[in-house]
Amino acid sequence: MSVFDYDDGDFIFTSGDTGFDSDGDMMMRMGDNMAMDMETGELHFTSGWDDDD
């Protein structure tokens, strides 16, 4: 599955609560529409990244 990162203008390819964007940056799901870049700590707004549970 993938979600769109509105801040970077690219996609995050997800697996559970983590994912990698098209630049190879690791992202962690913080909510249905928010992810954190694990390298910089920046929050990114995303399209719907639903909790699979």
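Predicted, not measured: the structure shown is a model, and the values here were computed from it. All values below were derived from every heavy atom in this structure, side-chain atoms included, with hydrogens, water molecules and symmetry-related copies excluded.
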*Can you list every ring-ring contact (aromatic ring centres under 6.0 Å, His included) pair that touches residues 31-50, not counting sequence neighbours?*
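Qualifying pairs: none.
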*Tell me the ring-ring contact (aromatic ring centres under 6.0 Å, His included) pairs involving residues 5-37, sequence neighbours left out?*
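The answer is Phe4-Tyr6, Phe4-Phe11.
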*When you measure from the side chain of Thr14 to the backbone N and O of Gly19, does any donor-acceptor pair fall under 3.5 Å?*
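Flag not set: sc Thr14 to bb Gly19 has no pair under 3.5 Å.
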*Can you check whether Asp10's main-chain N or O pairs, donor with acceptor, with Asp8's side chain at less than 3.5 Å?*
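No; judged by distance alone, with no hydrogens or angles, the pair does not exist.
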*Shortest non-hydrogen separation from Ala35 to Thr46 and the atoms involved*: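 It is CB-CG2, 4.1 Å.
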*Which heavy-atom pair separates Met38 from Met28 by the least distance, and what is that distance?*
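Heavy-atom minimum between the residues: SD-CB, 3.6 Å.
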*Under the side chain to side chain donor-acceptor pair (under 3.5 Å) test, which residues partner Ser47, sequence neighbours left out?*
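By the side chain to side chain donor-acceptor pair (under 3.5 Å) rule, Ser47 matches no residue at all.
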*To the nearest 0.5 angstrom, please state how far the CG atom of Asp17 sits from the CE atom of Met30.*
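Between Asp17 CG and Met30 CE, I get 10.0 Å after rounding to 0.5 Å.
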_Applying side chain to side chain donor-acceptor pair (under 3.5 Å) as the test, list every pair that has at least one member in residues 24-38; sequence neighbours left out._
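Passing the test, one end in residues 24-38: Arg29-Asp32.
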*Hydrophobic cluster identity match, Leu43 and Ile12, side-chain contacts under 4.5 Å*: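 Shared cluster, no.
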